[in-house]
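A quick note: this is a predicted structure, and the numbers were derived from the prediction, not measured.
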Amino acid sequence: MLRRWGSLFLLLFALFSCGEQGVELEAEHPLRRLPIALRVSLDHEGRALLEPYSYMLYEQPLYHGERLGYMGVVVVHGVGEQYAAYDLACPYCWPTEAAVVPSLNSAKGVVIAECAECHTVYDLALGLAYPVAGPGKYPLLEYRVYRRGSQLWIE
């Protein structure tokens, strides 16, 4: 009986401590999550995203009611059918409003983004957007991407 209670206590302790740790990590990121709403049609304006390792910038709303985070959004087609979206605001330079500039690293065949101010380089191809060079320590702020037919919905 005592072992059951001990096991239950350890399980609850592990669950609650992991939950609190996740909140701590979220709280440490310099950028707070903003409401975002972006719709990309892969049949029309987003057709270039059908190619793997491609990207598109959205710095101005295309449709009424779209919200694009802090500095705009980059949408990336990564490996296979994986799509990802990131805010263009550099977490290291914030709040100076420095933006990252995406590009295709032709030597490695991957999509990267470099901050124009601090020169931190972020790897966008693997769907993580972590810094791989420069002083930055936090990844770019990521948004959720859902694909429904020929539409990408970014929230």
Side-chain angles (χ1 to χ4, degrees), residues 15 17-155:
L15 287 174
S17 65
C18 289
E20 288 177 18
Q21 187 178 17
V23 171
E24 269 181 35
L25 291 175
E26 178 79 21
E28 290 178 11
H29 198 284
L31 298 173
R32 300 288 170 239
R33 191 165 300 284
L34 291 178
I36 184 169
L38 174 62
R39 183 184 74 195
V40 177
S41 171
L42 297 174
D43 290 335
H44 299 291
E45 78 278 352
R47 185 173 294 144
L49 287 170
L50 291 171
E51 290 295 319
Y53 302 110
S54 60
Y55 69 91
M56 289 191 71
L57 293 176
Y58 295 91
E59 298 173 294
Q60 299 293 321
L62 297 175
Y63 303 103
H64 178 72
E66 286 187 336
R67 294 179 300 237
L68 302 177
Y70 288 94
M71 304 285 295
V73 176
V74 58
V75 179
V76 179
H77 183 171
V79 180
E81 292 300 311
Q82 180 185 11
Y83 289 90
Y86 307 101
D87 203 291
L88 293 173
C90 177
Y92 183 78
C93 294
W94 188 259
T96 63
E97 296 187 12
V100 298
V101 179
S103 65
L104 181 63
N105 182 333
S106 56
K108 296 182 180 180
V110 296
V111 180
I112 61 170
E114 183 175 352
C115 176
E117 190 169 314
C118 71
H119 301 289
T120 297
V121 176
Y122 300 89
D123 178 4
L124 305 184
L126 297 177
L128 302 173
Y130 276 91
V132 294
K137 297 188 182 352
Y138 295 99
L140 296 177
L141 189 59
E142 183 177 8
Y143 298 111
R144 289 185 208 110
V145 179
Y146 302 98
R147 183 172 180 179
R148 294 187 185 116
S150 65
Q151 300 284 319
L152 295 179
W153 296 83
I154 294 100
E155 303 175 338

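- Taking the salt bridge (Lys or Arg N to Asp or Glu O under 4.0 Å) definition, one finds that Glu81 meets it with Arg147, sequence neighbours left out.
- When Val75, Val76, Val100, Leu104 are each tested for a side chain to side chain contact (heavy atoms under 4.5 Å, CB included) with Leu124, only one passes: Val76.
- When all heavy atoms of Val73 and Ala85 are compared, the pair lying nearest together is CG1-CB, 3.9 Å.
- Using a distance-only test at 3.5 Å, with no hydrogens or angles considered, no donor-acceptor pair links the side chain of Tyr55 to the main chain of Gly78.
- The shortest side-chain heavy-atom distance between Leu42 and Tyr83 falls under the 4.5 Å cut-off.
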N/O donor-acceptor pairs under 3.5 Å from side chains in residues 110-122, not counting sequence neighbours:
{"from": "Glu114", "atom 1": "OE2", "to": "His119", "atom 2": "ND1", "distance (Å)": "3.0"}
{"from": "Thr120", "atom 1": "OG1", "to": "Gly136", "atom 2": "N", "distance (Å)": "3.0"}

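- In this structure, Asp87 contributes its side chain and Leu140 its backbone to no donor-acceptor pair below 3.5 Å.
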Next item on the list: Could you please spell out the steps behind the side-chain contact (heavy atoms from CB on, under 4.5 Å) verdict for Trp153 and Arg144?
Entry: CA-CA 8 Å; Trp153 296 83; Arg144 289 185 208 110; over 6 Å; no
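- With contacts defined as side-chain heavy-atom distances shorter than 4.5 Å, the pair Gln151/Tyr146 does not qualify.
- Listed by chain and residue number, Leu49, Glu51, His77 satisfy the side chain to side chain contact (heavy atoms under 4.5 Å, CB included) test with Ser54 (two or more places apart in sequence, or in another chain).
- Pairs passing the salt bridge (charged side-chain N to carboxylate O under 4.0 Å, His left out) check and including a residue from residues 63-77, sequence neighbours excluded, do not occur.
- For Leu57, the side chain to side chain contact (heavy atoms under 4.5 Å, CB included) partners two or more places apart in sequence, or in a different chain, are Glu59, Val74, Leu88, Pro102.
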Note to self: Using the rule given for side-chain contact (heavy atoms from CB on, under 4.5 Å), can you reason through Ile154 versus Tyr58, listing the C-alpha separation, both sets of side-chain angles and the distance that settles it, and then say yes or no?
What the structure shows: CA-CA 11 Å; Ile154 294 100; Tyr58 295 91; over 6 Å; no
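- For the side-chain hydrogen bond (donor to acceptor under 3.5 Å, both in side chains) test, residues two or more places apart in sequence or in another chain that qualify with Ser150 are Asp43.
- Side-chain atoms of Pro91 and Leu141, non-hydrogen and from C-beta on, never get closer than 4.5 Å to each other.
- Crowding of Tyr92 atom OH: a count of heavy atoms from other residues, nucleotides or ligands under 6.0 Å not exceeding 12.
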